[in-house]
Q: 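Following this message is one structure expressed as structure tokens.
In what follows, every chain begins at residue 1, and chains take the letters A, B, ... in the order their sequences are listed.
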Number of protein chains: 2
Amino acid sequence: MHQILREHIEKIVPLTDDEFAFVASHFISKKYKKHQFLIQEGEAVKYHYFVVSGLLKLVYTDDTVKQHIVSFAMEDWWESDFYAFYTQTEATMSLVCLEDTEVLCLTLGDYKKLCNDVPKMNRFFLEKANFGFLGAQRRIISSLTSNSQERYEQLLEQYPALFQRVPKSLLAAYLGVSRETLSRLSS
Amino acid sequence: MHQILREHIEKIVPLTDDEFAFVASHFISKKYKKHQFLIQEGEAVKYHYFVVSGLLKLVYTDDTVKQHIVSFAMEDWWESDFYAFYTQTEATMSLVCLEDTEVLCLTLGDYKKLCNDVPKMNRFFLEKANFGFLGAQRRIISSLTSNSQERYEQLLEQYPALFQRVPKSLLAAYLGVSRETLSRLSS
DNA sequence: TTCGTAGTGTGATATACCTCACACAGTAAT
DNA sequence: ATTACTGTGTGAGGTATATCACACTACGAA
């Protein structure tokens, strides 16, 4: 059933059939349509989501009602308002479908249970967290060192699929430039 | 000896005396003077560093020789060129003392050994990694949503000690503004 | 003392980017 | 066929910030 999840985990730690069955039993599968909300700002965050198929945006809305893309999440990625999930506080961001999307959902209790009961999964989540941190740090360095043009090129180089699947106005909101400026970049 | 390390770890997971002794045996202590390099761009990164006392800057130098502050690290923080450390590749950043600094050093082999042999330490490092990710994500959101003035205020609110201990030109290099602009901010 | 260096402030000008406005194409619903 | 909506491009003008230049202070070394 969750073959994709198994392959995803086994890129980092090998699992026996029994181990994977135990792990998989903690997830529930959900399907959403384009434009649906998985997380709504202000509400509780029940799950950390593993994306089986589809595409999500994690959106932060500031005081002036302007929307900023904190992250995109496609197949094989984990996403949530992780701060709200991890500290069980209310969401400051929204998680929204850009395409019809299937996810596997894990509660915080089960996340901790898997870490405690299955050492391999603790190591798996540590590896995910470390690379998540490195990805964020990379983006910070990019914003410190590069102008709009360069950041746009880096984004397309790193995630060429986004160019096909996401409107440019959202790429602009991810990069922190206006859609007009992005449109004027020569590329 | 490493009482500070013990308190630091026990904020997250309690340890028996034996467990802590085992953990502590994997660290070596080093002392550096202001201006000394713990990590030099282009060289290997042997350690992940826990700062016992003092203050460090993690610096990325771009093509145009301009320096950007990726991070400051003070007492009770972990720091390294984590990508280079974790993947055992050569450093793309430098880690430099802003003050005389004492650190506890952990190799990647021992980091993994502690994760494998001491489940509590695996959970400890997972918690650190998760909060490290959240800190980086917070900074990304700040750069997307706020102007220089606001980012400067947020920085001083979050780490008031920095204002006393580091020159403003370095705070500017952390925020991604010129030192002149920072100097002109009304605060 | 005198010198060099680090840190900071400030004026003048340049520039990257934002904002507002409008136009136009593609698509889905009526 | 008409309408509404989304996505995109582009001009004009405004603003935040960068860059360059210079001045001033504090401080340690010779």
Side-chain angles (χ1 to χ4, degrees), chain A residues 33-37 55-57 59-69 72 96-100 140-156 161-187, chain B residues 33-37 55-57 59-69 72 94 96-100 139-156 161-187:
Chain A
K33 293 282 179 193
K34 184 171 177 172
H35 298 131
Q36 278 195 293
F37 282 62
L55 183 59
L56 303 170
K57 63 174 176 181
V59 181
Y60 180 87
T61 307
D62 66 21
D63 339 318
T64 72
V65 198
K66 205 190 288 178
Q67 306 219 339
H68 306 272
I69 305 292
F72 295 106
V96 186
C97 292
L98 293 176
E99 302 172 358
D100 295 356
I140 289 169
I141 292 173
S142 174
S143 83
L144 287 175
T145 58
S146 307
N147 62 21
S148 307
Q149 171 94 38
E150 291 161 341
R151 295 206 308 280
Y152 186 49
E153 286 163 5
Q154 288 163 21
L155 177 65
L156 293 187
L162 287 182
F163 187 76
Q164 319 297 332
R165 294 170 71 176
V166 177
K168 301 208 175 158
S169 55
L170 289 185
L171 296 183
Y174 176 90
L175 292 170
V177 298
S178 68
R179 58 158 205 88
E180 294 94 333
T181 296
L182 190 80
S183 162
R184 279 185 258 257
L185 295 179
S186 56
S187 64
Chain B
K33 293 282 179 192
K34 184 171 177 172
H35 297 131
Q36 278 194 294
F37 282 62
L55 182 60
L56 303 171
K57 63 174 177 180
V59 181
Y60 179 86
T61 306
D62 66 22
D63 339 317
T64 71
V65 199
K66 205 190 288 178
Q67 306 219 338
H68 306 272
I69 305 292
F72 295 107
S94 296
V96 187
C97 292
L98 294 175
E99 302 172 357
D100 294 356
R139 189 163 161 206
I140 289 169
I141 293 173
S142 174
S143 83
L144 287 176
T145 59
S146 307
N147 61 22
S148 308
Q149 171 93 36
E150 292 161 341
R151 295 206 308 280
Y152 186 47
E153 286 163 5
Q154 288 162 22
L155 178 64
L156 293 187
L162 286 182
F163 187 77
Q164 320 296 333
R165 294 169 70 176
V166 305
K168 303 215 173 150
S169 55
L170 289 185
L171 296 184
Y174 176 89
L175 293 170
V177 298
S178 68
R179 56 160 207 86
E180 294 94 332
T181 295
L182 191 81
S183 162
R184 280 186 257 255
L185 295 179
S186 56
S187 67

Q: Report yes if a side-chain nitrogen or oxygen of A:T181 is closer than 4.0 Å to either non-bridging phosphate oxygen (OP1 or OP2) of C:dC18; otherwise report no.
A: yes
Q: Work out which heavy atom in B:Y174 is nearest to a heavy atom in B:R139; give both atom names and the distance.
A: O-NH2, 3.1 Å
Q: Could you work out, with side-chain hydrogen bond (donor to acceptor under 3.5 Å, both in side chains) as the rule, every residue matching A:T181, not counting sequence neighbours?
A: A:S178
Q: Would you please test B:I69 and B:V59 for side-chain contact (heavy atoms from CB on, under 4.5 Å) and show each step?
A: CA-CA 5 Å; B:I69 305 292; B:V59 181; 4.1 Å; yes
Q: Below 4.0 angstrom, N of the basic side chain to O of the carboxylate: do B:D100 and B:K34 qualify?
A: no
Q: Could you tell me whether the side chain of A:Q164 and the main chain of A:A161 form a donor-acceptor pair under 3.5 Å?
A: no
Q: Nearest 0.5 angstrom please: A:L185 CG to A:L171 CG, how far?
A: 11.0 Å
Q: Counting C-beta onward and ignoring hydrogens, is there a side-chain heavy-atom pair between B:L98 and B:R165 closer than 4.5 Å?
A: no
Q: Given B:H68 and B:D62, is the side-chain contact (heavy atoms from CB on, under 4.5 Å) satisfied, shown in steps?
A: CA-CA 8 Å; B:H68 306 272; B:D62 66 22; 2.8 Å; yes
Q: Can you give me the first and the last nucleotide of DNA chain D (5' to 3') that has an atom within less than 4.0 angstrom of a non-hydrogen atom in chain B?
A: D:dT17 to D:dA21
Q: Please report the C-alpha distance between A:L162 and A:L156 in whole Å, then the side-chain angles of each, then the deciding distance to 0.1 Å, and finally whether the side-chain contact (heavy atoms from CB on, under 4.5 Å) criterion is met.
A: CA-CA 7 Å; A:L162 287 182; A:L156 293 187; 5.6 Å; no
Q: Taking all non-hydrogen atoms of both residues, which atom of B:L170 and which atom of B:F72 are closest, and how far apart?
A: O-CZ, 3.8 Å
Q: What's the angle between the local helix axes at either end of the helix from C:dT1-D:dA30 to C:dT30-D:dA1, using five pairs per end and rounding to 10 degrees?
A: 30°
Q: What I want to check is whether the side chains of A:E153 and A:Q149 have a donor and an acceptor closer together than 3.5 Å.
A: yes
Q: Can you name the ring pair (Phe, Tyr, Trp, His ring centres under 6.0 Å) partners of A:Y60, sequence neighbours left out?
A: none
Q: Using a cut-off of under 3.5 Å, enumerate the N/O to N/O pairs linking the protein to nucleotides 5-8 of chain C.
A:
residue	atom	partner	partner atom	Å
C:dT8	OP1	B:K168	N	3.2
C:dT8	OP2	B:K168	N	2.6
C:dT8	OP2	B:S169	N	3.3

Q: Rounded off to whole Å, could you give me the NE2-to-C1' distance for the A:H35 and C:dT27 pair?
A: 13 Å
Q: I need the minimum non-hydrogen distance between B:S143 and B:R151, along with the two atoms involved.
A: CA-CD, 3.8 Å
Q: Between N or O atoms, less than 3.5 Å apart, protein on one side and nucleotides 11-16 of chain C on the other: list the pairs.
A:
residue	atom	partner	partner atom	Å
C:dG11	N7	B:R184	NH1	2.8
C:dG11	O6	B:R184	NH2	3.2
C:dA12	N6	B:R184	NH2	3.4

